[in-house]
Amino acid sequence: AQTVTQSQPEMSVQEAETVTLSCTYDTSESDYYLFWYKQPPSRQMILVIRQEAYKQQNATENRFSVNFQKAAKSFSLKISDSQLGDAAMYFCAYCGSNYKLTFGKGTLLTVNP
Amino acid sequence: NAGVTQTPKFQVLKTGQSMTLQCAQDMNHNSMYWYRQDPGMGLRLIYYSASEGTTDKGEVPNGYNVSRLNKREFSLRLESAAPSQTSVYFCASSSGWGDTEAFFGQGTRLTVV
């Protein structure tokens, strides 16, 4: 079964600093997609970044980048130059060939001014 | 440009009552999902429909039923509500198995007393 583990229930970072959120997953598939979603207090789910497993290059979106280690089944999110608006719950998610989209338990990120 | 629409937004039920949560998407997406979100538990998949005409169980299907009425609509039914089903419920849709992001509804806050 596909499982997604986020080992950090809460993280904090100073404004303008860099923070890394961890995610590991378990799968027997070789082709799949990984995602990071952000959920602010409004409860809206917002896609932050997406990674295709067969692409070696790590995805980047402005201040957000990932460190994808396929052999280790690790998919961490790095947020550079943290801003107050980055404060939110962050979810790691996996989607395999059966179309099942599975989420981790989330990491609550606090940004301190 | 509504995206994913869930109704109702709030609901209070008595133990043993039944209800149906409605979800509709106007993006011609193939896959649709129902999740529940509880504090510390992340988003847990209840049921999903990879394409019109198919439904599959997720992690926590007990106590729920679903119907993929057509390509647009995917409903979630609680036949006999229990306090353990108090949660925030999200519907989501995506075009395929990861090539695009999943879009989420605004959520339904359900309280069972």
Q. Do B/Leu110 and B/Val113 share a hydrophobic cluster (ILVMFWY, side-chain heavy atoms under 4.5 Å, transitive)?
A. no
Q) Of the non-hydrogen atoms in A/Leu101 and B/Ala102, which two are nearest, and what is the gap between them? A) CD2-CB, 3.7 Å
Q: Enumerate by number any residue of residues 36-46 of chain B whose heavy atoms lie under 4.5 Å from heavy atoms of chain A; in the absence of such residues, state 'none'.
A: B/Gln37, B/Gly40, B/Met41, B/Gly42, B/Leu43, B/Leu45
Q) Do any of residues 40-48 of chain A have a heavy atom less than 4.5 Å from a heavy atom of chain B, and if so, which, in residue order? A) A/Arg43, A/Met45, A/Leu47
Q) Near A/Lys70 NZ, under 6.0 Å, is it more than 12 heavy atoms from other residues, nucleotides or ligands? A) yes
Q: Report the distance from atom OH of A/Tyr99 to atom OH of B/Tyr33, rounding to the nearest 0.5 Å.
A: 9.0 Å
(Q) How long is the straight-line distance from OG of B/Ser94 back to CZ of A/Phe35, given to the nearest 0.5 Å? (A) 7.5 Å
**Q.** Interatomic distance, A/Ile49 atom CD1 to B/Glu101 atom CD [nearest 0.5 angstrom]
**A.** 12.5 Å
**Q.** A/Lys105, NZ: over 12 other non-hydrogen atoms inside 6.0 angstrom
**A.** no
Q) Is any side-chain heavy atom of B/Phe90 closer than 4.5 Å to a side-chain heavy atom of A/Gln39? A) yes
Q) Quick one: what part of A/Gln6 sits under 4.5 Å from any heavy atom of chain B, side chain, backbone, both or neither? A) neither
Q) Measuring heavy-atom distances to chain B, does A/Tyr94 have an atom under 4.5 Å in its side chain, in its backbone, in both, or in neither? A) neither
